[in-house]
2 protein chains.
Amino acid sequence: MSSIIDKKMNAKTRSFEKTRQTLNVTGLRVTNQRALIMDIIRQGDEHLDADEVYRRARAKQPRLSLSTVYRTLQALKKVGLVEEVHIDETRHYYEIKPPTEHHHLVCLECGRVVEFQYPLARLIKRKVIEAKDFEITGSEIRMTGYCPSCRQKRK
Amino acid sequence: MSSIIDKKMNAKTRSFEKTRQTLNVTGLRVTNQRALIMDIIRQGDEHLDADEVYRRARAKQPRLSLSTVYRTLQALKKVGLVEEVHIDETRHYYEIKPPTEHHHLVCLECGRVVEFQYPLARLIKRKVIEAKDFEITGSEIRMTGYCPSCRQKRK
DNA sequence: TACTAGATGCAAATGAGTAGCATTATTGAT
DNA sequence: ATCAATAATGCTACTCATTTGCATCTAGTA
Ligand SMILES: [Mn+2]
Ligand SMILES: [Mn+2]
Ligand SMILES: [Zn+2]
Ligand SMILES: [Zn+2]
């Protein structure tokens, strides 16, 4: 049998199985649709919205419903495996909960989203508790501007 | 005639006229509905959403339509008189463009929004251009946590 | 005062996300 | 392996903030 196909299948299967393991410890039931959705987010390079997840998932499981995608995204968010990002105002995007703090830069010209790895949460948390006696548990920074390649074109 | 009523009327009229002046220099046509909406946002202490603006405006101009509120908010945003804040995911809120940078703290318990006056934009802008060659033109920080009074209750 | 582009009001449309409910699948116990 | 309990799924219908089309109106200008 073709070793190329075997390798592809195995890579996919491995990833999927790893995802099932991850899900298993959350208390959530491990369903095929959840494993698939989680896997798609894990493998997806970009930030995906519900509809994009849906489109990609249907390629594998045509009977999967959009409701399930929405419910799964909520569930994964709740158990802390996935994070919701508010890059634009019209819809929510999702990414695997990252190990280190990062924030998002959105290019106003081309829409590209760039990640900015920098720890601001600590600083902010401290400043806020000093000034306002307000205890911060989460913060999100969204920055807009122009990416390197669009800056060139504008000049 | 009652001087109290006169003073009230005059205060309102003065505010409204000042708003008309402000609008006049923007290139936008100065309509009663725009002046009223702008005035409501200016006088409103809190952050107002479209529907709240609509409710308050109808008290003065019952024929005003919700569409006009939405269109006006967009117009005021575009000319830089008003700023859109993304405090929650379900709707947009509006405030007069503040002269100094501030960000918003949202209490997860009671929903109260507290403003945090602190200049982070400069720092962020610099760090980002260094690290990513990305030119930042706007940034918004949304922080969630617990306000002083809700922190008490939780203990 | 008359002209005209821009603004308004109303009604209908859009679109992301949610909810109800009958059916199905996972899990943990026998 | 079988079963019961109950969580999850797939539909469909719904909600609700925001947008759009279009006929009518009005602010700004000559
Ligand atoms: Mn990211
Ligand atoms: Mn504010
Ligand atoms: Zn760009
Ligand atoms: Zn509170």
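Scope of the values below: all heavy atoms of this structure, side chains included, with no hydrogens, waters or symmetry mates. Reminder, nothing fancy here: chain letters follow the sequence lines and each chain counts from 1.
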Item to check | Presence of salt bridge, A:E46 and A:R56, under 4.0 angstrom | outcome: yes

Checklist entry - Can you check the B:E89 CD to D:dT18 C1' distance for me, whole Å? => result 17 Å

Item to check | Donor-acceptor under 3.5 Å (A:T144 side chain, B:G138 main chain) | outcome: yes

Checklist entry - Which class fits the ring pair B:H92 and B:H86: parallel under 30°, tilted 30 to 60°, perpendicular over 60°? => result perpendicular

Item to check | Spacing of B:Q61 atom CD relative to C:dC10 atom P, expressed in whole Å | outcome: 12 Å

Could you pull out all donor-acceptor pairs under 3.5 Å where a side-chain atom in residues 106-114 of chain A meets a protein atom, sequence neighbours excluded?
none

Next on the checklist: Please report the distance, rounded to the nearest Å, between CG in A:L36 and P in D:dT9.
Outcome noted: 11 Å

Item to check | Candidates C:dA7, C:dC10, D:dT9 - which lies nearest the side chain of A:T72 | outcome: D:dT9

Item to check | Rounded distance in Å - CZ (B:R63) to C1' (D:dC25) | outcome: 10 Å

Next on the checklist: Measure OH/B:Y54 against C1'/D:dT18 and give the value in whole Å, please.
Outcome noted: 14 Å

Item to check | Salt bridge present between B:R14 and B:E17 (N-O < 4.0 angstrom) | outcome: no

Checklist entry - Rounded to whole angstrom units, what separation is found between the NZ atom of B:K78 and the C1' atom of C:dG6? => result 13 Å

Checklist entry - Can you find a heavy atom in the side chain of A:L123 that is under 4.5 Å from one in the side chain of B:L120? => result yes

Item to check | Note, A:K18 side chain near A:Q21 side chain (heavy atom, < 4.5 Å) | outcome: no

Checklist outcome for this item: Sorted by chain and residue number, the side-chain hydrogen bond (donor to acceptor under 3.5 Å, both in side chains) partners of A:S67 (sequence neighbours excluded) come out as none

Checklist entry - What does nucleotides 25-30 of chain C look like as a protein-contact string, B for base, S for sugar-phosphate only, - for none, at under 4.0 angstrom between heavy atoms? => result BBS---

Next on the checklist: Is the ring pair B:H104/B:H102 parallel, tilted or perpendicular, if the boundaries are 30 and 60 degrees?
Outcome noted: perpendicular

Checklist entry - Nucleotide by nucleotide, 5' to 3', does protein get under 4.0 Å of the base (B), only the sugar-phosphate (S), or neither (-) in nucleotides 13-24 of chain C, counting heavy atoms? => result ---SBBBB----

Checklist entry - Using rotation axes that map the C1' atoms of four end pairs onto the next four (five pairs an end), what angle separates the end axes of the helix from C:dT1-D:dA30 to C:dT30-D:dA1, to 10°? => result 40°

Item to check | Integer-rounded Å distance: C:dG9 P and B:I37 CD1 | outcome: 8 Å

Checklist entry - Is A:L81 close to A:I41 at the side-chain level, that is, under 4.5 Å between some pair of heavy atoms? => result no

Next on the checklist: Nearest whole Å is fine: how far is D:dA27 P from B:Q21 CD?
Outcome noted: 16 Å

Can you give the donor-acceptor pairs under 3.5 Å from side chains of residues 127-135 of chain B to other protein atoms, not counting sequence neighbours?
unit_1	atom_1	unit_2	atom_2	d
B:K132	NZ	A:E115	O	3.4
B:D133	OD1	A:R151	NH1	2.9

